[in-house]
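Below you'll find the structure, written out as structure tokens, and then a few comments.
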2 protein chains.
Amino acid sequence: MTRQAVLEAARSRFSQDGYAAATIRKIAADAGVDASLVIQFYGSKDALFAAAMSLSPTALTHLSQAFDGPPPTLGERVTNAFLDLWEGESQVSEPLLAMLRAAISNDQGAATLREFIQTRLLEQLSPKLPDGHDAAARAGFAAAMLIGIVVGRGIVKVPVLVGTDRESVIRLVAPAIQAVLVGV
Amino acid sequence: MTRQAVLEAARSRFSQDGYAAATIRKIAADAGVDASLVIQFYGSKDALFAAAMSLSPTALTHLSQAFDGPPPTLGERVTNAFLDLWEGESQVSEPLLAMLRAAISNDQGAATLREFIQTRLLEQLSPKLPDGHDAAARAGFAAAMLIGIVVGRGIVKVPVLVGTDRESVIRLVAPAIQAVLVGV
DNA sequence: CCAATAACTCAACACCCGATGAGTTAAAAA
DNA sequence: TTTTTAACTCATCGGGTGTTGAGTTATTGG
């Protein structure tokens with residue numbers, strides 16, 4: 001299906017080049033197709049971008065499950081699940097990376113990411129935390145910190161972050177996330 | 001000095017709109033000047049961007065000093081100094097925000113931010129940490145996590161992060177940074 | 001086999017971009 | 001005052017962008 005090839009090319013370009021630099025012509029060329037067809041399929045660049053950023057609802061179940069289970073190892077499970085989400089299979093991570101990149105250069109992208117974090121992450125996850133009133137803030141800051149790590153590894157590619165293997169990342173970061181999520 | 005007005009307009013535009021959306025014409029209009037003059041002053045858009053991102057060497061001394069002092073309160077001091085740096089006076093924070101925004105849309109921006117984090121932050125700060133071999137990694141992940149918070153508050157503007165006052169941010173985050181920097 | 005519908009290409013439009021070069025005004029130096 | 005130098009504007013170039021509409025090829029259904 002050509003339509004799917006266009007969508008995959010768009011995902012890849014948006015996640016690697018950002019919204020502005022990912023031109024319709026390049027996406028079309030990647031899919032081996034004329035630029036006009038892309039517009040005919042998706043209507044506009046904005047609509048194509050929105051389609052490229054949409055991800056399957058099941059992608060978040062893994063993360064959600066990490067919040068269930070024994071509190072003492074919550075930080076480790078959440079950190080693991082988060083890295084799986086953003087650094088795992090391209091079908092899930094590319095929309096998320098595209099969202100991140102777009103959130104910085106594109107106003108619509110910022111709104112999309114804001115809405116994703118607010119309603120898809122925080123509102124579903126924070127009720128699972130122990131204690132009450134600042135659970136949303138705790139979940140929000142933990143998510144922000146983990147996204148910071150993802151940005152440093154996957155986008156800015158800071159050598160010392162990229163060169164640290166997954167196991168060591170967990171060892172360094174999980175206790176900190178634990179501290180944010182459930183307190184001292 | 002008109003030259004300074006152009007530079008300040010550039011800083012503001014780059015930090016708010018990102019590299020691509022901050023056009024020479026808009027910057028010139030902000031400074032009340034013709035677009036051609038901007039090019040004549042700075043040579044090219046890239047050169048203007050580089051000039052807008054350069055910050056005074058004294059800006060980092062505050063952060064560096066936070067690494068000195070008693071280890072038990074290291075996390076709190078570093079978190080405070082970091083937020084001062086990125087959310088303080090515009091002359092310092094705007095180049096940093098511009099760097100962040102550009103790092104995602106512009107390849108040169110990513111290289112600049114990478115170099116800034118690697119040589120201006122990590123190489124100067126990690127020697128001040130206790131213990132030896134993974135000090136650079138600890139400092140790097142702490143910086144990434146704090147930058148994640150800055151992105152969430154200043155760029156994506158997630159409501160729950162923006163709505164948390166400085167004092168509560170320190171209370172939630174400082175212990176986590178402490179954990180990353182000096183271990184459990 | 002033929003008609004209808006979808007998939008796809010081609011050429012072009014209007015727009016905005018960064019950059020150039022020549023010309024004009026203002027300030028400083030002689 | 002005259003000359004030199006800097007500050008600044010104007011019109012324009014070439015190139016890339018998203019989008020459009022007409023035309024062409026392929027695929028499907030009766």
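In the text below, chain A, chain B and the rest are named by the order of the sequence lines, each starting its count at 1.
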Using a cutoff of under 3.5 Å, can you pull out all pairs of nitrogen or oxygen atoms linking the protein to nucleotides 16-20 of chain C, with atom names and distances?
residue : atom : partner : partner atom : Å
C/dG18  : OP1  : B/Ile24 : N            : 3.4
C/dG18  : OP1  : B/Lys45 : NZ           : 3.0
C/dG18  : OP2  : B/Ile24 : N            : 3.1
C/dG18  : N7   : B/Arg25 : NH1          : 2.8
C/dG18  : O6   : B/Arg25 : NH2          : 3.1
C/dA19  : OP2  : B/Lys45 : N            : 2.8

- Task: Indicate the atoms forming the closest heavy-atom contact of A/Gly88 with A/Ser93, along with that distance.
- Result: O-OG, 3.5 Å

- So which pairs with a foot in residues 116-127 of chain B pass side-chain hydrogen bond (donor to acceptor under 3.5 Å, both in side chains), sequence neighbours left out? B/Glu115-B/Thr119

- Message: Within the 4.5 Å heavy-atom criterion, are A/Arg11 and A/Pro95 side-chain neighbours or not?
- Response: yes

- Between A/Arg3 (CZ) and C/dA6 (P), how many Å, whole number? 10 Å

- Note on the structure: Span of DNA chain D engaged by chain A, first through last nucleotide within the 4.0 Å heavy-atom cut-off, is D/dT17 to D/dA22

- Residue pairs, two or more places apart or on separate chains, that pass side-chain hydrogen bond (donor to acceptor under 3.5 Å, both in side chains) and touch residues 76-86 of chain A: A/Thr73-A/Arg77, A/Asn80-A/Arg166, A/Asp84-A/Arg166

- Message: How many whole angstroms separate atom CZ of A/Phe41 from atom C1' of C/dA7?
- Response: 6 Å

- Task: Return each pair, listed once, that meets side-chain hydrogen bond (donor to acceptor under 3.5 Å, both in side chains) where at least one residue sits in residues 60-70 of chain B; pairs must be two or more places apart or across chains.
- Result: B/Ser64-B/Lys128, B/Asp68-B/Lys128

- Message: Quick test of your reading: applying salt bridge (charged side-chain N to carboxylate O under 4.0 Å, His left out), list the pairs with at least one residue in residues 19-32 of chain B, sequence neighbours left out, ordered by first then second residue.
- Response: B/Arg13-B/Asp30

- Test side-chain contact (heavy atoms from CB on, under 4.5 Å) on A/Met99 and A/Thr112 and set out the steps. CA-CA 7 Å; A/Met99 229 185 266; A/Thr112 305; 4.2 Å; yes

- Task: Enter the distance from A/Ile155:CD1 to A/Leu100:CG here, rounded to the nearest 0.5 Å.
- Result: 5.0 Å

